[in-house]
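Both ligands and their constituent atoms are indexed starting at 1 by order of listing.
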Amino acid sequence: MNGFKNNYCLKNLNSFGVNAKSKFFKSFSSENDLVEIMSSKTFEENKILILGGGSNILFTKNFDGLILQNKINLISIIDEDDLTTTVEVGGGVNWHDFVLWSVNRNLSGIENLALIPGSVGASPVQNIGAYGMEVKDTITKVHTFDIAQGTKKIFNNKQCKFNYRDSIFKSELKNKKVITKVEFKLSKTALNIISYGNIEKELKKDPSPMNIAELIIKIRQQKLPDPIKIGNSGSFFKNPVISLLKFKKIKKKFPEIISYKVTENKIKIAAGWLIEDSGLKGHREGDAGVHKNQALVLVNHGKSTGKEILSLSNMIKDVIFKKYDVMLETEVNII
Ligand code: EPU
């Protein structure tokens with residue numbers, strides 16, 4: 001195995017496209033590679049950060065440790081019955097490539113998650129979701145290595161403690177596990193999840209996984225900035241979930257607020273609406289900005305630093321808190 005790279009530039013490894021360096025860097029293409037890395041001195045002596053597609057991370061400074069990038073690149077069918085196909089996918093596979101792989105085989109379960117940037121290994125961490133679908137509903141197992149012990153553990157779906165944009169890998173086990181592979185159970189019949197927003201109205205063809213994925217790709221391309229052209233990491237904040245009582249108070253003052261019922265007593269409110277209603281959509285401070293079409297997305301117009309994007313996000317949090325008494329939580333990992 002080759003050595004570790006030193007003082008490694010991360011600009012092309014984070015979708016915000018901000019400049020930062022890592023003291024050490026190494027990628028791995030198999031579980032064996034990882035085991036070998038884990039027995040090295042560099043691994044033992046440094047703090048570790050696992051990088052997937054770099055699409056949900058904001059570097060506000062250089063990383064004084066070892067960054068490991070998962071490049072395990074396999075997709076294999078491991079089980080099949082009349083109704084389902086179970087697939088094992090390497091954490092290094094690009095998420096959208098896996099969605100295309102599935103819809104090309106007419107398999108259903110992740111088609112609404114087309115064009116979400118990032119890697120398969122990162123998908124369970126924040127339980128990626130869009131247009132009425134969440135990855136927690138197809139994941140059956142997550143293969144991991146413990147960073148401190150080097151031991152292997154396979155988590156079943158329940159053990160992952162999935163929640164809205166959350167899992168055990170983002171909470172109690174944050175930065176403690178390397179996700180090497182993920183297993184998904186996909187359906188041979190179309191799940192037909194089209195009730196979100198205008199999907200049903202806009203879907204002019206039958207709701208096959210391919211047709212839904214094509215529509216979602218079109219919608220995302222119209223609304224969300226392409227990280228290749230303009231640095232961003234999708235939604236920067238989560239949609240806050242608040243009590244019904246608090247929601248009623250806010251709604252009295254702001255009757256147009258957009259919300260969704262989560263449970264009898266919990267309401268999710270659209271953070272994008274709050275930001276737009278505060279007049280911050282399209283707002284810019286230097287090269288750090290709020291996207292002009294989707295206020296939940298912060299963008300790097302070119303030369304912004306991670307610190308500048310962070311400071312813009314703090315300003316937004318302040319404005320929203322003062323106006324609506326709601327504290328926004330970041331979805332993106334801040335380093
Ligand atoms: N809205 C505004 N102004 C804005 C943005 C949104 O008024 O600038 C309103 C919209 O009109 C709509 C509502 O807010 O009525 C919800 O907007 P949208 O459908 O765009 O979804 P979102 O709640 O803002 C979430 C996810 C996205 C995902 C979309 C579609 C989170 C944090 N974000 O955004 O995920 O693509 O739903 O399902 O839950 C991501 O996580 O990176 C991401 C892009």
Side-chain angles (χ1 to χ4, degrees), residues 14-16 52-58 95-96 99 110-119 122-137 162-167 170 193-202 212-213 215-227 230-242 250-251 254-262 266-283 289-299 309 313 316-317 319-320 323-324 326-333:
N14 73 93
S15 62
F16 262 120
S55 59
N56 201 43
I57 196 161
L58 178 66
W95 173 261
H96 182 63
V99 173
I110 53 172
E111 59 273 27
N112 297 33
L113 308 179
L115 219 59
I116 291 186
S119 64
S123 66
V125 179
Q126 60 150 342
N127 175 27
I128 57 170
Y131 307 102
M133 211 173 243
E134 282 181 296
V135 78
K136 73 172 173 56
D137 297 324
F162 287 124
N163 226 316
Y164 167 62
R165 290 296 195 277
D166 200 23
S167 75
K170 206 178 165 182
I193 296 180
I194 53 174
S195 59
Y196 187 96
N198 285 336
I199 307 274
E200 189 159 14
K201 226 166 72 195
E202 285 186 39
I212 292 182
L215 175 62
I216 302 281
I217 290 170
K218 202 179 101 195
I219 294 173
R220 287 187 75 100
Q221 281 173 339
Q222 281 165 358
K223 210 167 173 185
L224 295 166
D226 178 355
I230 173 161
N232 77 90
S233 69
S235 302
F236 194 88
F237 303 103
K238 291 188 201 178
N239 285 325
V241 177
I242 58 173
I250 302 176
K251 176 112 179 153
F254 305 96
E256 260 131 58
I257 189 169
I258 291 168
S259 62
Y260 323 88
K261 185 172 156 186
V262 181
K266 297 258 173 245
I267 307 286
K268 191 189 273 183
I269 47 179
W273 185 90
L274 299 178
I275 300 171
E276 180 171 352
D277 189 56
S278 304
L280 290 169
K281 194 173 184 172
H283 176 78
V290 180
H291 188 56
K292 60 179 182 5
N293 300 334
Q294 171 36 302
L296 205 46
V297 178
L298 300 191
V299 294
I309 293 168
S313 78
I316 295 169
K317 278 186 183 172
V319 168
I320 300 299
K323 186 163 181 192
Y324 311 93
V326 171
M327 188 45 99
L328 290 182
E329 240 181 83
T330 46
E331 190 203 271
V332 169
N333 287 306

Checklist outcome for this item: One should read off an interatomic distance between Leu115 CG and Ile217 CD1, to the nearest 0.5 angstrom, of 5.5 Å
Checklist entry - Is a donor on one side and an acceptor on the other found under 3.5 Å between the side chain of Asn232 and the backbone of Pro225? => result yes
Checklist outcome for this item: Paired with Arg165, the salt bridge (Lys or Arg N to Asp or Glu O under 4.0 Å) test is passed by just one of Glu134, Glu329, Glu331, namely Glu331
Checklist outcome for this item: the protein heavy atom lying closest to atom 21 (O) of ligand 1 turns out to be Tyr196 OH, 3.2 Å
Checklist entry - Any heavy atom of Tyr260 sitting closer than 4.0 Å to ligand 1? => result yes
Next on the checklist: What I want to know is whether Ser233 and ligand 1 share at least one N or O pair that is separated by under 3.5 angstrom.
Outcome noted: no
Checklist entry - Just checking, is any N or O donor in the side chain of Asp277 or Tyr324 under 3.5 Å from an acceptor N or O on the other one? => result yes
Checklist entry - What protein heavy atom sits nearest atom 36 (O) of ligand 1, and how far away is it? => result Arg220 NH1, 3.3 Å
Item to check | Nearest neighbour in protein (non-hydrogen) for atom 39 (O) of ligand 1 | outcome: Tyr164 OH, 2.7 Å
Item to check | Test item, Arg165 contacting ligand 1 (heavy atom, 4.0 angstrom) | outcome: yes
Item to check | atom 1 (N) of ligand 1: the protein heavy-atom neighbour that sits closest, reported with distance to 0.1 Å | outcome: Trp273 N, 3.8 Å
Item to check | Atom pair CG (Asn198) and OH (Tyr131), whose distance is rounded to the nearest 0.5 Å | outcome: 10.5 Å
Next on the checklist: Would Gln294 count as a polar contact of ligand 1, with the cut-off being nitrogen or oxygen pairs under 3.5 Å?
Outcome noted: yes
Checklist entry - Below 4.0 Å from any atom of ligand 1, is there a heavy atom belonging to Gln126? => result no
Next on the checklist: I need the atoms of ligand 1 closer than 4.0 Å to a non-hydrogen atom of Gly234, numbered in the order shown.
Outcome noted: 42 (O)
Next on the checklist: Among all the protein's non-hydrogen atoms, which is closest to atom 28 (C) of ligand 1, and how far away is it?
Outcome noted: Ala130 CB, 4.0 Å
Next on the checklist: Show the atoms of ligand 1 that are less than 4.0 angstrom away from any heavy atom in Ala270.
Outcome noted: 13 (C), 14 (O)
Checklist outcome for this item: Looking only at protein heavy atoms, what sits closest to atom 42 (O) of ligand 1 is Ser235 N, 2.8 Å
Item to check | Under-4.0 Å heavy-atom contact with ligand 1, by part of Phe237 that carries it | outcome: backbone
Checklist entry - Which distance, rounded to the nearest 0.5 Å, do you find between the CG of Asn127 and the CG of Asp137? => result 7.5 Å
Checklist entry - Within the structure, does Tyr131 bring an N/O atom to less than 3.5 angstrom of an N/O atom in ligand 1? => result yes
Item to check | Basic-acidic side-chain contact under 4.0 Å: Asp166, Lys238 | outcome: no
Next on the checklist: Could you measure the distance from the CG atom of Leu274 to the CD1 atom of Ile257? Nearest 0.5 Å is fine.
Outcome noted: 5.0 Å
Next on the checklist: Give me the atom names and distance for the closest heavy-atom approach of Leu298 to Ser313.
Outcome noted: CD1-CB, 3.7 Å
Checklist entry - Can an N or O of Glu276 be found at a distance shorter than 3.5 Å from an N or O of ligand 1? => result yes
Item to check | Heavy atom of the protein closest to atom 34 (O) of ligand 1 (residue, atom name, distance) | outcome: Leu296 CD2, 4.0 Å
Item to check | Reported CZ-to-CD1 distance for the pair Phe237 and Ile320, which is rounded to 0.5 angstrom | outcome: 8.0 Å
Item to check | Nearest option to atom 12 (C) of ligand 1, as decided by whichever heavy atom of Val290, Ile219, Ile258 sits closest | outcome: Ile258
Item to check | Distance-minimising heavy-atom pair for Tyr196 and Ile199 | outcome: O-CG1, 2.8 Å
Checklist entry - If you measure from CG on Leu328 to CD1 on Ile275, what distance do you get to the nearest 0.5 Å? => result 5.5 Å
Checklist outcome for this item: atom 23 (O) of ligand 1: closest protein heavy atom, distance to 0.1 Å, is Asn239 ND2, 2.8 Å
Next on the checklist: Please find the pair of heavy atoms, one from Leu58 and one from Val332, that lie closest to each other, and give the distance.
Outcome noted: N-CG1, 3.7 Å
Item to check | Short N or O distance, Ala295 and ligand 1, threshold 3.5 Å exclusive | outcome: yes
Next on the checklist: Only heavy atoms of Lys223, strictly under 4.0 Å: list the atoms of ligand 1 that pass.
Outcome noted: 18 (P), 19 (O), 20 (O)
